[in-house]
> 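Just dropping this structure here.
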Amino acid sequence: MNVFVIGANGQIGKQLVERLQEEGKHEVTAMVRKDEQLEDFKSKGYQAVLGDLEGDVANLADAIDGADVVVFAAGSGGHTGADKTLLIDLDGAAKSIEAAKQQGVKQFVMVSALKAEDRSAWPDEMKPYYVAKHHADRLLEESGLTYTIVRPGALTDDAGTGKVKTGDVSTGEVPRADVAAFLAHVIGHEAAYNKSIDLVKGDTAIEETL
């Protein structure tokens, strides 16, 4: 499959691109927003394109053209304000969904957040982020696209274990490396189609989930 990763320079996105490239099962294209990021990816032998989530849908659709799977792993980051969260995590996701639909993408994989669907569980200090994730997820669910929403718990930079817990999860942490590995696992996996999957560290090997 041709896999298009939006937010490929982010911490999860970069690990996903590297993993997909190493596994060699899919063709992967990394979307980044800066020229220096583009050159960095290309210097490592990766396919990469420039794209701007604050730009228009038509340009995103042109970038996505030919992709079978789109993975949305972009985020404004913890150092920006609520305005950027709105523009990237919500409207950027909405534009990506529109562009993917225009191009007939077969699966759209969204990186969300644990409990994004449950307003009562949102921490006060991160409400704008959860608002963005909540509504981006709903837009995807209602888009008509085949989707997989992955809702990881608190993200850590610990080494990946290759083991996770899915299903009914109320709280927990998960290494970014294991999130990237799980994203690679759900690509093209029919058991993950039209599902929202909670994800924290656990005892089940990633390849044995779903």
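Predicted model, so just to flag it, every value in this text is computed and none were measured. Counting from 1, the numbers follow the sequence of the chain as shown.
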> Any ion pair linking E23 and R19 (charged N to carboxylate O, less than 4.0 Å)?
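Between E23 and R19 there is a salt bridge, with a charged N closer than 4.0 Å to a carboxylate O.
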> Is a donor from one side chain sitting under 3.5 angstrom from an acceptor on the other, for T166 and D198?
no
> Has the side chain of D89 got a donor or acceptor atom that lies under 3.5 Å from a matching backbone atom of G75?
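Flag not set: sc D89 to bb G75 has no pair under 3.5 Å.
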> Taking all non-hydrogen atoms of both residues, which atom of S96 and which atom of I6 are closest, and how far apart?
OG-CD1, 3.4 Å
> Measure the acute angle between the ring planes of F108 and F72, then classify it against the limits of 30° and 60° as parallel, tilted or perpendicular.
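Parallel: the ring planes of F108 and F72 meet at under 30°.
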> So, taking the atom named CD in Q47 and the one named CZ in F41, what distance separates them when rounded to the nearest 0.5 Å?
12.5 Å
> Indicate the atoms forming the closest heavy-atom contact of A99 with I64, along with that distance.
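The answer is CB-CD1, 3.8 Å.
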> Salt bridge check, D157 against R176: does any charged N sit closer than 4.0 Å to a carboxylate O?
yes
> Assess the residue pair D137 and S196 against the criterion (side-chain hydrogen bond (donor to acceptor under 3.5 Å, both in side chains)); give the C-alpha distance rounded to whole Å, side-chain angles, the decisive distance to 0.1 Å, and a yes or no.
CA-CA 9 Å; D137 291 355; S196 297; over 6 Å; no
> So which atom in T161 and which in D178 form the shortest heavy-atom distance, rounded to 0.1 Å?
N-OD2, 3.0 Å
> Look up atom OG1 in T29 and atom CG in D65, then write down how far apart they are to the nearest 0.5 Å.
11.0 Å
> State, yes or no, whether a side-chain contact exists between L50 and D35 at a heavy-atom distance under 4.5 Å.
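With C-beta onward as the side chain, the pair touches.
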> Hydrophobic clusters here meaning ILVMFWY residues chained together by side-chain heavy-atom distances under 4.5 Å, can you tell me if L139 and V105 are in one?
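Yes: a chain of side-chain contacts under 4.5 Å links L139 to V105.
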> Salt bridge between E54 and K84, side-chain N to carboxylate O under 4.0 Å?
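Between K84 and E54 there is a salt bridge, with a charged N closer than 4.0 Å to a carboxylate O.
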> Distance check, rounded to the nearest 0.5 Å: K115 atom NZ versus H134 atom NE2?
13.5 Å
> Is D52 salt-bridged to R33, cutoff N-O under 4.0 Å?
no
> Could you check if a side-chain atom of V109 sits within less than 4.5 angstrom of a side-chain atom of Q107, using non-hydrogen atoms only?
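Touching, per the 4.5 Å side-chain cut-off.
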> Kindly compute the distance separating CG (L60) from CD1 (I97), expressed to the nearest 0.5 Å.
11.5 Å
> Check N2 against G66 and note the closest heavy-atom contact, atom names and distance.
ND2-O, 3.3 Å
> Quick test of your reading of the model: are E117 and R151 salt-bridged, counting only N-O distances below 4.0 Å?
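Looking at R151 together with E117, the answer is yes, because their closest N to O distance falls below 4.0 Å.
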> Using every non-hydrogen atom in the two residues, find where A136 and A93 come nearest and quote the distance to one decimal.
CB-CB, 3.8 Å
